[in-house]
Peer 1: 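Sharing a structure with you now.
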Amino acid sequence: MSDAAGCRSSPDQKPGTSVLHTIHSGGRDRTYQLHLPKDYSAKSSWPLIIAFHGRGNTGAGTEEFSKLSTLPAVVAYPNGVVGTGGGDRQAWEGAPYAAAGVDDVAFTGDLLDSLEKTLCVDKQRVYATGKSNGSGFTGILACRMADRFAAIAPVAGAFYGQTGNYCHPSRPVPVIEFHGTADATIPYGGDADRDLPAITDWVAAWAKRDGCNAKPVEKSLGADVTESRWTGCKGGAEVRHVAVKGGGHTWPGADVHSGGGVTTQTIEAHELIWQFFSRFRLPAS
């Protein structure tokens with residue numbers, strides 16, 4: 001059965017609302033912003049999107065600029081633990097500034113378990129997206145929790161240390177990645193001193209990992225947006241890279257501040273993410 005245990009219970013918040021919740025994980029209380037669609041009902045199962053904020057942001061802040069809560073899905077926006085460096089900035093596992101000793105992969109599993117117990121979500125339609133450090137964390141989840149996430153959609157990803165033969169997912173994972181070519185925070189061409197891969201290398205590595213055709217098909221999505229698409233992947237997966245020419249460290253289509261630099265309005269990231277996610281499900285167990 002793909003339906004969660006929560007299909008037999010009523011949620012403790014009203015449909016159409018976003019509410020901050022707390023769960024206990026890894027010996028500490030963790031929080032997440034939860035949005036239920038306005039027509040949510042436990043009479044049918046819903047897709048679930050987990051959206052991870054960037055360093056120093058919050059789940060609520062990510063909800064505001066990402067527009068993910070406009071999609072026909074349950075969306076959870078978890079909050080990271082304050083990491084190293086100034087400013088008490090929340091961060092996620094995998095980055096050099098992440099809090100030591102915090103297992104965010106285990107926390108993500110606990111969050112999924114909790115949501116599946118309390119909400120009517122389809123366990124075959126669970127997806128991950130995020131911005132910057134949170135986006136980079138989705139790459140870690142795709143490597144280590146491919147059995148729980150049907151696809152990922154990193155935006156302006158900070159893929160610290162994600163090079164070489166580090167990743168062995170249990171199945172081919174569909175990936176759609178967005179990045180601005182003028183991103184001054186996480187450079188499009190990578191930064192060896194910070195152990196950041198070139199974005200095109202990171203995406204091509206996923207295409208190879210998923211057994212896709214070696215050469216992508218390129219398509220223009222507008223004057224400043226080009227999409228590279230790898231097909232022929234194992235298990236029906238697909239890998240896409242959406243490059244925003246001159247784009248900054250931003251969420252494409254955002255109407256409020258989402259980072260430094262230019263924000264394209266040629267595309268709406270949340271719409272392309274949803275079109276991509278909607279095509280993929282986890283294999284039935």
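Basis for what follows: all heavy atoms, side chains included, without hydrogens, waters or symmetry-related copies. Numbers for residues simply follow the sequence, beginning at 1.
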Peer 1: Taking Val225 as the starting point, is it possible to reach Phe178 by hopping between hydrophobic residues whose side chains are less than 4.5 Å apart?
Peer 2: yes
Peer 1: Go through it in stages, so that I can follow the logic: the residues are Leu36 and Leu119, the test is side chain to side chain contact (heavy atoms under 4.5 Å, CB included), and I'd like the CA-CA distance, side-chain angles, deciding distance and then a yes or no.
Peer 2: CA-CA 10 Å; Leu36 297 183; Leu119 297 172; 3.9 Å; yes
Peer 1: For the side chain of Gln265 and the backbone of Ala254, is there at least one donor-acceptor N/O pair under 3.5 Å apart?
Peer 2: yes
Peer 1: Taking Asn213 for its side chain and Lys215 for its backbone only, find out whether a donor-acceptor pair lies under 3.5 Å.
Peer 2: no
Peer 1: Any side-chain donor-acceptor pair under 3.5 Å between Asp29 and Thr22?
Peer 2: no
Peer 1: Evaluate the side-chain proximity of Phe65 to Asn57: yes if any heavy-atom separation is below 4.5 Å, no if none is.
Peer 2: yes
Peer 1: How far apart are the closest heavy atoms of Ala95 and Asn133, and which atoms are they?
Peer 2: CB-ND2, 3.5 Å
Peer 1: Answer yes or no: is there a side-chain heavy-atom contact under 4.5 Å between His257 and Thr263?
Peer 2: no
Peer 1: A side-chain contact here means heavy atoms from C-beta on lying under 4.5 Å apart; do Ile50 and Leu115 qualify?
Peer 2: yes
Peer 1: Report yes or no: does Gln162 contribute a side-chain atom to a donor-acceptor pair with the main-chain N or O of Gly136 at less than 3.5 Å?
Peer 2: yes
Peer 1: Is it true that a side-chain atom of Ser220 and a backbone atom of Gly222 form a donor plus acceptor pair closer than 3.5 Å?
Peer 2: yes
Peer 1: Suppose the criterion is disulfide (SG to SG under 2.5 Å): which pairs have a residue in residues 36-150, not counting sequence neighbours?
Peer 2: Cys7-Cys120, Cys143-Cys167
Peer 1: Would you mind reporting whether Ile49 and Thr129 have side-chain heavy atoms less than 4.5 Å apart?
Peer 2: yes
Peer 1: Using side chain to side chain contact (heavy atoms under 4.5 Å, CB included), reason through Thr250 and Val262 one step at a time and then give a plain yes or no.
Peer 2: CA-CA 7 Å; Thr250 56; Val262 173; over 6 Å; no
Peer 1: Are Trp274 and Phe149 co-members of a hydrophobic cluster defined by side-chain heavy atoms under 4.5 Å apart?
Peer 2: no
Peer 1: Roughly how far apart are Met145 CE and Ile140 CD1, rounded to 0.5 Å?
Peer 2: 12.0 Å
Peer 1: Taking only residues two or more places apart in sequence, or in another chain, which ones meet His53 in a ring pair (Phe, Tyr, Trp, His ring centres under 6.0 Å)?
Peer 2: Trp92
Peer 1: How far apart are the closest heavy atoms of Gly54 and Ser132, and which atoms are they?
Peer 2: CA-CB, 4.2 Å
Peer 1: CG of Asn79 to OG1 of Thr58: how many Å apart, nearest 0.5 Å?
Peer 2: 6.0 Å
Peer 1: OG1 of Thr118 to CG of Leu34: how many Å apart, nearest 0.5 Å?
Peer 2: 7.5 Å
Peer 1: Minimum heavy-atom separation for Ala243 to Thr181, with atom names?
Peer 2: CB-CG2, 4.5 Å
Peer 1: May I ask you to test the Leu112-Val121 pair for a side-chain heavy-atom distance under 4.5 Å?
Peer 2: no
Peer 1: So which pairs with a foot in residues 102-132 pass ring pair (Phe, Tyr, Trp, His ring centres under 6.0 Å), sequence neighbours left out?
Peer 2: Tyr127-Phe277
Peer 1: Nearest 0.5 angstrom please: Leu48 CG to Lys123 NZ, how far?
Peer 2: 12.0 Å
Peer 1: So which pairs with a foot in residues 130-154 pass salt bridge (charged side-chain N to carboxylate O under 4.0 Å, His left out), sequence neighbours left out?
Peer 2: Glu93-Arg144, Asp113-Arg148, Glu116-Arg148
Peer 1: Quick check: do Asp183 and His249 have side-chain heavy atoms less than 4.5 Å from each other?
Peer 2: yes
Peer 1: Measure the spacing between CD of Glu177 and OG of Ser135 and express it to the nearest 0.5 Å.
Peer 2: 6.5 Å
Peer 1: Taking all non-hydrogen atoms of both residues into account, name the closest pair between Thr185 and Pro187 and its distance.
Peer 2: O-CD, 3.6 Å
Peer 1: Do any N or O atoms from the side chain of Thr108 and from the backbone of Asp104 form a donor-acceptor pair under 3.5 angstrom?
Peer 2: yes
Peer 1: Just how far is it from atom CD of Glu271 to atom CD of Gln275, taken to the nearest 0.5 Å?
Peer 2: 7.0 Å
Peer 1: Between Tyr160 and Leu141, is there shared hydrophobic-cluster membership here, with clusters defined by ILVMFWY side-chain heavy atoms closer than 4.5 Å?
Peer 2: no
Peer 1: Quick one: do Arg171 and Leu282 satisfy side chain to side chain contact (heavy atoms under 4.5 Å, CB included)? Show the steps, please.
Peer 2: CA-CA 9 Å; Arg171 48 173 280 276; Leu282 283 169; 3.5 Å; yes
Peer 1: Please tell me whether Val81 and Phe137 are part of a single hydrophobic cluster in this structure, the criterion being side-chain heavy atoms less than 4.5 Å apart.
Peer 2: no
Peer 1: Grab the two heavy atoms, one from Tyr32 and one from Pro78, that are nearest each other, plus how far apart they are.
Peer 2: CB-CA, 3.6 Å
Peer 1: Keeping to residues at least two apart or across chains, list the disulfide (SG to SG under 2.5 Å) pairs with something in residues 48-118.
Peer 2: none
Peer 1: Using a 4.5 Å cut-off on heavy atoms from C-beta on, say whether the side chain of Pro37 contacts that of Val74.
Peer 2: yes
Peer 1: Does the pair Ile186 and Leu196 meet the rule for a side chain to side chain contact (heavy atoms under 4.5 Å, CB included), with working shown?
Peer 2: CA-CA 8 Å; Ile186 305 297; Leu196 288 169; 4.0 Å; yes
Peer 1: Say whether Gln33 and Ser18, considering side chains only, have a donor N or O and an acceptor N or O under 3.5 Å apart.
Peer 2: no
Peer 1: Distance under 6.0 Å and angle within 45° of the ring axis: does Arg89 meet both against Tyr97?
Peer 2: no
Peer 1: Take a 6.0 Å sphere around CG of Asp88 and say whether it holds more than 12 heavy atoms from other residues, nucleotides or ligands.
Peer 2: no
Peer 1: Do Thr200 and His241 have side-chain N/O donor and acceptor atoms under 3.5 Å apart?
Peer 2: no
Peer 1: Given side chains that start at C-beta, do those of Arg125 and Ser45 come closer than 4.5 Å, heavy atoms only?
Peer 2: yes
Peer 1: Linking Ile, Leu, Val, Met, Phe, Trp and Tyr by side-chain heavy atoms under 4.5 Å, what else ends up with Phe159?
Peer 2: Ile152, Tyr166, Val173, Val175, Tyr188, Ile199, Trp202, Val203, Trp206, Trp230, Val239
Peer 1: Which atom names give the shortest non-hydrogen contact between Ala142 and Pro169, and what distance separates them?
Peer 2: O-CB, 3.5 Å
Peer 1: According to a hydrophobic-cluster definition based on side-chain heavy atoms being under 4.5 Å apart (Ile, Leu, Val, Met, Phe, Trp, Tyr only), do Leu272 and Trp251 belong together?
Peer 2: yes
